[in-house]
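First up is the structure itself, then whatever we jot down about it.
The chains referred to below are lettered A, B, ... by the order of the sequence lines, with proteins before strands, and numbering in each begins at 1.
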2 protein chains.
Amino acid sequence: MPSVTRNRKDSPQQSAKRREAIEQSLVNATNELVAGGQSFTEISVNELARTAGISRSTFYVYFRDKGDLVGRISQQMTNELIVATSCWIPYAEKAVWADIRQTVLNLMSVYERHGALMAALIETAAYDAEVAELSRQMMTRLVDQIRVGYDRITADNKHNPVGNGDVVKVLPFMLERCCYFYARGRPASELEWLAESMTQVLWSSLYNPELMPDKSAPPSMVG
Amino acid sequence: MPSVTRNRKDSPQQSAKRREAIEQSLVNATNELVAGGQSFTEISVNELARTAGISRSTFYVYFRDKGDLVGRISQQMTNELIVATSCWIPYAEKAVWADIRQTVLNLMSVYERHGALMAALIETAAYDAEVAELSRQMMTRLVDQIRVGYDRITADNKHNPVGNGDVVKVLPFMLERCCYFYARGRPASELEWLAESMTQVLWSSLYNPELMPDKSAPPSMVG
DNA sequence: GATAAATCGGACACCATGTCCGACCAATAC
DNA sequence: GTATTGGTCGGACATGGTGTCCGATTTATC
């Protein structure tokens with residue numbers, strides 16, 4: 001006898017707890033499959049679900065599609081990145097080289113541990129408008145974060161403010177993209193040069209502005 | 001009467017000229033469709049071909065798939081980017097602020113004019129291994145280019161070499177990603193702040209290294 | 001006007017997607 | 001025990017894009 005009260009459409013009285021458990025299984029499955037050499041895009045929902053130990057049907061009970069899953073992951077990643085900067089930003093005005101370096105290493109560590117998820121995020125953002133927006137928000141939050149640091153630095157009288165505060169809109173892209181390219185899934189400990197280089201760019205852009213160039217000199221070559 | 005000599009498999013005695021003409025039509029179609037709001041990934045081969053004024057069948061005569069097309073485009077884009085740096089790199093040791101700024105503007109201009117193609121390149125690289133490799137090569141070539149400039153700067157006795165030459169592996173990612181994010185399809189003339197910011201990062205990272213920070217100071221906060 | 005090249009339309013098998021449903025399997029309630 | 005219920009499962013379904021193939025038609029060339 002078919003149940004009449006049964007309503008599939010607005011089913012979700014699924015406990016948030018259960019949803020999170022499934023999400024975790026899917027995250028593990030993603031890591032596993034990406035480690036096996038596939039890109040996230042070419043992993044089918046079926047493959048993903050099976051590897052996570054659930055059926056394709058069940059996947060669609062909890063997530064609209066792969067993009068929906070990635071969207072949730074994206075929130076986590078964003079938070080991790082923000083946290084990674086917390087040993088520098090709140091004290092930016094009195095930070096030394098080593099503080100910035102540590103922040104950079106923290107960021108790299110996120111990409112080391114969550115390389116597959118970061119790849120999934122970036123890949124999906126390429127074709128899924130909703131995820132693209134989330135990825136955009138991730139960058140915006142990083143920019144805001146760096147801006148807080150910048151403001152603290154310039155408010156401090158030790159440092160002569162650089163003319164252009166918009167550098168903060170530029171630096172996070174260097175960080176994100178370099179970590180993505182060089183540090184994804186790789187131990188940060190083997191990437192000393194990367195930590196050093198990114199630290200240097202941050203340092204010289206934010207803490208080194210006293211040495212103003214002569215901006216008025218005419219270009220020596222034609223563009 | 002069916003032609004016996006006709007061999008479809010290794011057909012391409014298609015003149016390179018014709019291929020380029022078709023490629024150009026497809027490039028235009030891509031611009032048109034992307035301008036219409038779609039992402040390159042969600043444009044079907046049929047739609048792309050029809051907009052370019054050819055049939056789907058003909059598309060497959062000249063290109064294996066969309067990735068093949070994007071691959072060819074990628075070469076062009078890479079070249080344009082390299083050329084964009086030519087007003088700076090060869091004279092890097094005697095360059096002034098305005099020279100770097102001009103290079104940055106040139107780069108932005110590439111993204112202004114070819115925004116759709118750049119998007120197609122990045123999107124496709126996300127799931128097509130072959131295109132991903134080409135996109136990787138694009139970055140590598142930019143790194144090499146910046147390195148040439150760096151070597152000229154450090155060889156010159158005017159500038160005290162910075163400790164870490166690996167900054168050159170980091171800077172192109174800032175340039176590429178920022179142009180992609182901020183300057184794609186947008187007039188460079190309205191993005192003064194971007195040009196200024198990117199120039200500043202380049203300048204302070206490459207020409208401003210005399211002011212060495214105290215790298216030995218212990219971190220003030222815990223990571 | 002004959003011949004070959006280039007293009008076209010259309011059919012084909014294939015595969016992933018997202019939706020839907022009935023069957024099943026627990027645990028709990030009566 | 002037996003019935004109900006929330007959750008899972010397998011499978012069917014329509015849909016839509018892919019890449020391949022071929023026969024037919026158009027276009028260019030001499």
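Checked against side chain to side chain contact (heavy atoms under 4.5 Å, CB included), B/Ser55 has the following partners two or more places apart in sequence or in another chain: B/Arg50, B/Ser57, B/Thr58. Applying the side chain to side chain contact (heavy atoms under 4.5 Å, CB included) criterion to B/Gln75, with sequence neighbours excluded, gives B/Leu134. In terms of the side chain to side chain contact (heavy atoms under 4.5 Å, CB included) criterion, residue partners of B/Pro187 (sequence neighbours excluded) are, by chain and number, B/Glu112, B/Ser189, B/Glu190. Residues that satisfy the side chain to side chain contact (heavy atoms under 4.5 Å, CB included) test with B/Ala195, not counting sequence neighbours, are B/Arg101, B/Val104, B/Leu105, B/Met108. When the salt bridge (charged side-chain N to carboxylate O under 4.0 Å, His left out) test is applied to B/Arg56, no partner is found at least two apart in sequence or on another chain. When the ring pair (Phe, Tyr, Trp, His ring centres under 6.0 Å) test is applied to A/Phe40, no partner is found at least two apart in sequence or on another chain.
Residues B/Arg64 and B/Glu130 are paired through a salt bridge, judged by an N-O separation under 4.0 Å between the basic side chain and the carboxylate.
Residues A/Val110 and A/Met118 form a side-chain contact, since some pair of their non-hydrogen atoms from C-beta on lies under 4.5 Å apart.
Residues B/Ser57 and B/Lys66 each lie close to DNA chain D; by heavy-atom proximity, the contact nearer the 5' end of the strand is made by B/Lys66.
Nucleotide D/dC9 holds its C1' atom 12 Å from the CD1 atom of A/Ile22, rounded to whole Å. In this structure, the CZ atom of B/Phe59 is 16 Å from the P atom of C/dG9, given to the nearest Å. Atom C1' of nucleotide C/dG10 and atom OH of B/Tyr60 are separated by 15 Å, given to the nearest angstrom. We find that CG of A/Asp65 is positioned 5 Å from P of C/dG18, with the value rounded to whole Å. We find that CG of A/Leu69 is positioned 12 Å from P of C/dG18, with the value rounded to whole Å. Atom CD of A/Gln38 and atom C1' of C/dA16 are 14 Å apart (whole Å).
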Residues 20-29 of chain B, side-chain donor-acceptor partners within the protein, below 3.5 Å, at least two apart:
residue : atom : partner : partner atom : Å
B/Glu23 : OE2  : B/Gln76 : NE2          : 3.0
B/Gln24 : NE2  : B/Asn28 : OD1          : 3.3
B/Ser25 : OG   : B/Ala21 : O            : 3.0
B/Asn28 : ND2  : B/Gln24 : O            : 3.4

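Considering only side-chain N and O atoms, B/Tyr62 lies under 4.0 angstrom from the phosphate OP1 or OP2 of C/dT7. Taking only side-chain nitrogens and oxygens, A/Thr58 comes nearer than 4.0 Å to OP1 or OP2 of D/dC9. When the side-chain nitrogen and oxygen atoms of B/Arg18 are compared with OP1 and OP2 of C/dA5, none of them lie within a distance under 4.0 Å.
Applying a 4.0 Å cut-off to non-hydrogen atoms, the residues of residues 40-56 of chain B that approach DNA chain C are B/Arg50, B/Gly53, B/Ile54, B/Ser55, B/Arg56, listed by residue number. Within residues 24-33 of chain B, no residue has any heavy atom under 4.0 Å from DNA chain C. A heavy-atom distance below 4.0 Å to DNA chain D is reached by none of the residues of residues 119-135 of chain B.
Residue pairs meeting the side chain to side chain donor-acceptor pair (under 3.5 Å) criterion with at least one partner in residues 138-147 of chain A, sequence neighbours excluded, are A/Asn79-A/Arg141, A/Thr85-A/Gln145. Annotation: side chain to side chain donor-acceptor pair (under 3.5 Å) contacts involving residues 171-187 of chain A, sequence neighbours excluded, comprise A/Tyr111-A/Glu176.
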